[in-house]
Amino acid sequence: MIGLFDPGLGGLSVARAVRALLPRHDLLYLADTAYCPYGPLAPELVRARALACATWLVKQGAGVVVVACNTATSAAIEILRARLSAPIVGMEPGLKPAVAATRTGRVAVLATSGTLGGERFQRLRERFAHGAEVVTVACPEMVQLVEDGELDGPRARAVVAACVEPLGARGVDTLVLGCTHFPPLRPLIAAAAPRATIIDTGPAVAAQTARVASAAGIGPGDGTMRCATTGDPALVAPALARVWGAPLPLEGIRDL
Ligand code: DGL
């Protein structure tokens, strides 16, 4: 089984990319809703939560753990790799492909304040910006839209436009979705920046997951997809169904 976690429903965008590549593998998705969002939390707390989530997934039988969250990867990937025996797949904003794609030399990274303020992102910038101007935008309101299952409508369009529209005027032609909550809002982001190239690392993370799963000897199963939340399943289920596009089995877990 492949385990994935995120503070909430954002990592479903990664699960979807994994599902597209590995249609018959069994997936277990954990939403740490009780602590969502991770973006504004202190890195020590994100590390503790990531460790609790990844450990739970391994105890459930996950042979690979995907950190389906840029913020958790930024704060915790080293400690997860040091403490857990299962292979860990992490993710980071796609700055390198963005810099390769830009024609104006200006790219924007949309991510959480935790990711943008972290050392990993500073290193990524030093390695890959290559003279391009990197505009960073933290959009916590967009994270909340996805947690509410609000992927369209006037309020969602206004929130996304407020984050994205000003970037065009600044000459930005390439947008990096540096938070896994943003791919579900991609149609609204594209509408607010119609000429921009949009970079989503979900498919690359899925390809890496497929390689790691194969190396770990994890083969196809029945193609099941189970979900768990540290929040109230009755409250999470409707938004989860909207973000995934269909209802999914969801259990509540306590005391994690
Ligand atoms: N989905 C998460 C990410 O990729 C973060 C959202 C949050 O909890 O603030 O960074």
Side-chain angles (χ1 to χ4, degrees), residues 4-15 29-54 66-80 89-96 98 107-125 128-129 134-151 156 159-164 166-167 172 174-186 188-189 192-193 198-202 204-205 229-231 239 243:
L4 307 97
F5 75 91
D6 177 80
L9 303 176
L12 289 171
S13 61
V14 180
Y29 183 86
L30 172 58
D32 191 15
T33 319
Y35 288 84
C36 188
Y38 282 0
L41 299 184
E44 303 76 52
L45 181 52
V46 175
R47 267 195 285 284
R49 294 312 304 161
L51 200 51
C53 291
V66 181
V67 187
C69 171
N70 295 266
T71 312
T73 300
S74 167
I77 192 82
E78 286 91 359
I79 195 168
L80 296 181
V89 178
M91 60 192 302
E92 57 192 8
L95 187 60
K96 189 180 175 194
V107 307
V109 179
L110 313 179
T112 67
S113 52
T115 299
L116 297 171
E119 258 174 50
R120 270 184 98 79
F121 185 68
Q122 300 322 313
R123 286 204 297 271
L124 194 71
R125 222 170 149 147
F128 296 120
V134 181
V135 178
T136 57
V137 191
C139 321
E141 305 84 1
M142 282 172 44
V143 171
Q144 193 54 48
L145 284 176
V146 174
E147 287 307 302
D148 295 341
E150 200 177 331
L151 306 184
V159 165
V160 171
C163 289
V164 172
L167 298 169
V172 167
T174 308
L175 303 179
V176 177
L177 306 185
C179 170
T180 55
H181 278 73
F182 300 161
L185 296 169
R186 189 170 177 150
L188 273 55
I189 295 170
I198 296 176
I199 310 273
D200 169 18
T201 48
V205 173
T229 174
T230 55
V243 175

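Each residue takes its place number in the sequence, starting with 1.
- Residues forming a side chain to side chain donor-acceptor pair (under 3.5 Å) with T33 (at least two apart in sequence, or on another chain): T229.
- The two atoms that bring A72 and V46 nearest to each other are CA-CG1, 3.8 Å, heavy atoms only.
- Using modelled atom types and a 3.5 Å distance limit, the side chains of T115 and N70 yield no donor-acceptor pair.
- R186 is linked by a salt bridge (charged side-chain N to carboxylate O under 4.0 Å, His left out) to nothing, counting only residues two or more places apart in sequence or in another chain.
- A 4.5 Å side-chain heavy-atom check between L51 and L80 finds at least one atom pair inside the cut-off.
- Taking OG1 of T71 as the reference point, atom CG of D6 lies at 8.0 Å (rounded to 0.5 Å).
- Scanning all heavy atoms of the two residues, the minimum distance from V137 to C163 falls at CG1-O, 4.1 Å.
- Looking at every heavy atom in both residues, P7 comes nearest to C69 through CD-SG, 3.6 Å.
- Inter-residue side-chain proximity for V109 and R125 is flagged as unmet; no heavy-atom pair is nearer than 4.5 Å.
- Looking at heavy atoms from C-beta onward, S74 lies out of side-chain contact with F121 at the 4.5 angstrom threshold.
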Listing, residues 139-147 side-chain donor-acceptor contacts under 3.5 Å, not counting sequence neighbours, or none:
| from | atom 1 | to | atom 2 | distance (Å) |
| --- | --- | --- | --- | --- |
| Q144 | NE2 | D148 | OD1 | 2.9 |
| E147 | OE2 | L9 | N | 2.7 |
| E147 | OE2 | H181 | NE2 | 2.7 |

Report the C-alpha distance between L30 and L4 in whole Å, list the side-chain angles of each, state the deciding distance to 0.1 Å, and finish with yes or no for side-chain contact (heavy atoms from CB on, under 4.5 Å). CA-CA 6 Å; L30 172 58; L4 307 97; over 6 Å; no
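- Panel note: side chain Q122, backbone L116; a donor-acceptor pair is recorded below 3.5 Å.
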List the steps and the verdict of side-chain contact (heavy atoms from CB on, under 4.5 Å) for L177 and I189. CA-CA 10 Å; L177 306 185; I189 295 170; 3.9 Å; yes
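- Nearest heavy-atom pair, G11 versus Y29, reported as atom, atom and distance to 0.1 Å: N-OH, 3.0 Å.
- Judged by distance alone, with hydrogens and angles left aside, the side-chain atoms of S13 form a donor-acceptor pair with the main-chain N or O of T180 at under 3.5 Å.
- By the side chain to side chain donor-acceptor pair (under 3.5 Å) test, Y38 pairs with D32, sequence neighbours left out.
- Partners of R120 under the salt bridge (charged side-chain N to carboxylate O under 4.0 Å, His left out) rule, at least two apart in sequence or in another chain, are E78, E92.
- Side-chain atoms of T174 do not come within 3.5 Å of backbone N or O of V107 as any donor-acceptor pair.
- Here the side chain of T230 pairs a donor or acceptor atom with the backbone of A34 at under 3.5 angstrom.
- Pairs of residues two or more places apart, or lying in two chains, that qualify as salt bridge (Lys or Arg N to Asp or Glu O under 4.0 Å) and include a residue from residues 33-46 are E44-R47.
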Begin with the C-alpha distance, continue with both residues' side-chain angles, and end with the deciding distance and a verdict on side-chain contact (heavy atoms from CB on, under 4.5 Å) for V164 and L110. CA-CA 9 Å; V164 172; L110 313 179; 4.2 Å; yes
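- Heavy atoms only, all atoms of each residue included: P43 and A75 are closest at O-CB, 4.0 Å.
- Taking all atoms of both residues into account, the shortest heavy-atom contact from L124 to P93 is CD2-O, 3.3 Å.
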